[in-house]
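Here the structure is laid out as structure tokens; the discussion comes afterwards.
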Amino acid sequence: QVQLVESGGGLVQAGGSLRLSCAASGRTFSRYAMGWFRQAPGKEREFVAFIGHSGVATYYADSVKGRFTISRDNAKNTVYLQMNTLKPEDTAVYYCAARGSTGWSIHPYSYDYWGQGTQVTVSS
């Protein structure tokens, strides 16, 4: 079992940056691919970014490509989401998730473990 705890959210002005962290418990973190998702009020949870278990493979939603960067440090059991040039439409609760299956996925139902989320608010 994997427990995930996100941190790093907050209030930032448009054009600013934030770095989210997701700390995982357990000694099998490197076996899991990781994803970041977000959910705005009244909207469905949506895919933001994916990183493979080794950190080589990454994928991004079109809406964040070129602005967000996902990375991981398996020695620290942590995955990061660097968010630059933030926009008001990036405002949401951000969740990290762990996926035990091979391959990448944008579908929340294909992830096995979830964190509690961290709020990101971008003011205009």
Side-chain angles (χ1 to χ4, degrees):
Q1 192 145 4
V2 177
Q3 292 184 327
L4 304 171
V5 179
E6 301 97 334
S7 61
L11 174 64
V12 63
Q13 289 188 335
S17 299
L18 282 174
R19 188 175 84 153
L20 305 183
S21 299
C22 173
S25 65
R27 293 176 286 181
T28 60
F29 175 71
S30 61
R31 298 180 185 177
Y32 290 87
M34 300 296 295
W36 282 98
F37 291 78
R38 65 188 182 187
Q39 188 166 17
K43 295 188 176 181
E44 293 187 352
R45 192 167 297 189
E46 67 171 358
F47 169 78
V48 174
F50 167 94
I51 189 165
H53 67 281
S54 67
V56 173
T58 58
Y59 299 94
Y60 297 91
D62 287 343
S63 58
V64 307
K65 201 173 294 182
R67 299 188 298 122
F68 291 11
T69 302
I70 189 171
S71 62
R72 67 189 296 163
D73 185 339
N74 286 342
K76 295 183 178 180
N77 281 12
T78 303
V79 62
Y80 305 97
L81 186 68
Q82 177 67 44
M83 305 186 295
N84 298 328
T85 319
L86 283 160
K87 305 175 181 180
E89 50 263 43
D90 294 318
T91 295
V93 177
Y94 283 71
Y95 299 89
C96 68
R99 171 175 162 82
S101 302
T102 58
W104 72 291
S105 174
I106 66 170
H107 302 294
Y109 61 75
S110 67
Y111 287 75
D112 303 300
Y113 302 101
W114 291 84
Q116 83 290 346
T118 186
Q119 177 70 47
V120 172
T121 303
V122 184
S123 63
S124 57

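Any value given below was found using the heavy atoms of this structure, including those in side chains, with hydrogens, waters and symmetry copies removed. Here, residue 1 is the first one in the sequence, and each next residue gets the next number. Worth saying up front: this structure is predicted, and the values here are computed from it rather than measured.
- Using a 4.5 Å cut-off on side-chain heavy atoms (C-beta onward), Thr69 and Tyr60 make contact.
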Does the side-chain contact (heavy atoms from CB on, under 4.5 Å) test come out yes or no for Phe68 and Leu18, once each step is laid out?
CA-CA 10 Å; Phe68 291 11; Leu18 282 174; over 6 Å; no
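- Applying the salt bridge (Lys or Arg N to Asp or Glu O under 4.0 Å) criterion to Arg19, with sequence neighbours excluded, gives no partner residue.
- Scanning all heavy atoms of the two residues, the minimum distance from Lys87 to Val122 falls at O-CB, 3.2 Å.
- The two residues His53 and Ser30 come nearest to each other via the heavy atoms CB-O, 3.0 Å.
- Among all heavy-atom pairs drawn from Pro88 and Ser124, the shortest one is CG-CB, 3.8 Å.
- Contact detail for Asp73 and Tyr80: the closest heavy-atom pair is CB-CE1, 4.2 Å.
- Between Tyr32 atom OH and Asn77 atom CG the span is 11.5 Å, to the nearest 0.5 Å.
- Qualifying side-chain hydrogen bond (donor to acceptor under 3.5 Å, both in side chains) partners for Gln119, counting only residues two or more places apart in sequence or in other chains: Thr121.
- For residues 56-66, the pairs satisfying salt bridge (Lys or Arg N to Asp or Glu O under 4.0 Å) are Asp62-Lys65, with sequence neighbours left out.
- Taking hydrophobic clusters as Ile, Leu, Val, Met, Phe, Trp and Tyr residues chained together by side-chain heavy-atom distances below 4.5 Å, Met34 shares a cluster with Tyr113.
- Using cut-offs of 30° and 60° for the angle between ring planes, the Tyr95 and Trp114 rings count as perpendicular.
- Atom CD of Gln82 is separated from atom CD1 of Ile70 by 12.0 Å, given to the nearest 0.5 angstrom.
- Rounding to the nearest 0.5 angstrom, the gap separating the OG atom in Ser7 from the OH atom in Tyr94 is 15.0 Å.
- Every residue meeting the side-chain hydrogen bond (donor to acceptor under 3.5 Å, both in side chains) condition with Asn74, not counting sequence neighbours, appears here in chain and number order: Arg72.
- When the side-chain hydrogen bond (donor to acceptor under 3.5 Å, both in side chains) test is applied to Ser105, the partners found at least two apart in sequence or on another chain are Ser110.
- By the 4.5 Å heavy-atom criterion applied to side chains, Glu6 and Leu20 are not counted as neighbours.
- Every residue was checked against the side-chain hydrogen bond (donor to acceptor under 3.5 Å, both in side chains) condition with Arg31, not counting sequence neighbours, and none meets it.
- Residue Thr78 holds its OG1 atom at 6.5 Å from CZ of Phe29, rounded to the nearest 0.5 Å.
- With sequence neighbours left out, Ser25 forms a side chain to side chain contact (heavy atoms under 4.5 Å, CB included) with Gln3.
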Using distance only, find each side-chain donor-acceptor pair of residues 40-51 under 3.5 Å and give its atom names and separation, not counting sequence neighbours.
from	atom 1	to	atom 2	distance (Å)
Arg45	NE	Gln39	OE1	3.3
Arg45	NH2	Gln39	OE1	3.3
Glu46	OE2	Arg38	NE	2.6
Glu46	OE2	Arg38	NH2	3.2

Would you check, one step at a time, whether the test side-chain contact (heavy atoms from CB on, under 4.5 Å) holds for Met83 with Val120?
CA-CA 10 Å; Met83 305 186 295; Val120 172; 3.9 Å; yes
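- Hydrophobic clustering (ILVMFWY, side-chain heavy atoms < 4.5 Å, transitive): Leu81 and Val12 are in one cluster.
- Screening residues 85-124 for disulfide bond (SG atoms under 2.5 Å apart) gives Cys22-Cys96 as the qualifying pairs, with residues at least two apart or on separate chains.
- Under a hydrophobic-cluster definition in which Ile, Leu, Val, Met, Phe, Trp and Tyr are linked whenever side-chain heavy atoms come within less than 4.5 Å, directly or via other members, Ile106 and Val93 are assigned to the same cluster.
- For the ring-ring contact (aromatic ring centres under 6.0 Å, His included) test, residues two or more places apart in sequence or in another chain that qualify with Tyr111 are Phe37.
- Contacts classified as disulfide bond (SG atoms under 2.5 Å apart) and involving residues 36-90 (residues at least two apart or in different chains) are not found.
- Residues in residues 35-93 take part in no disulfide bond (SG atoms under 2.5 Å apart) pair, two or more places apart or across chains.
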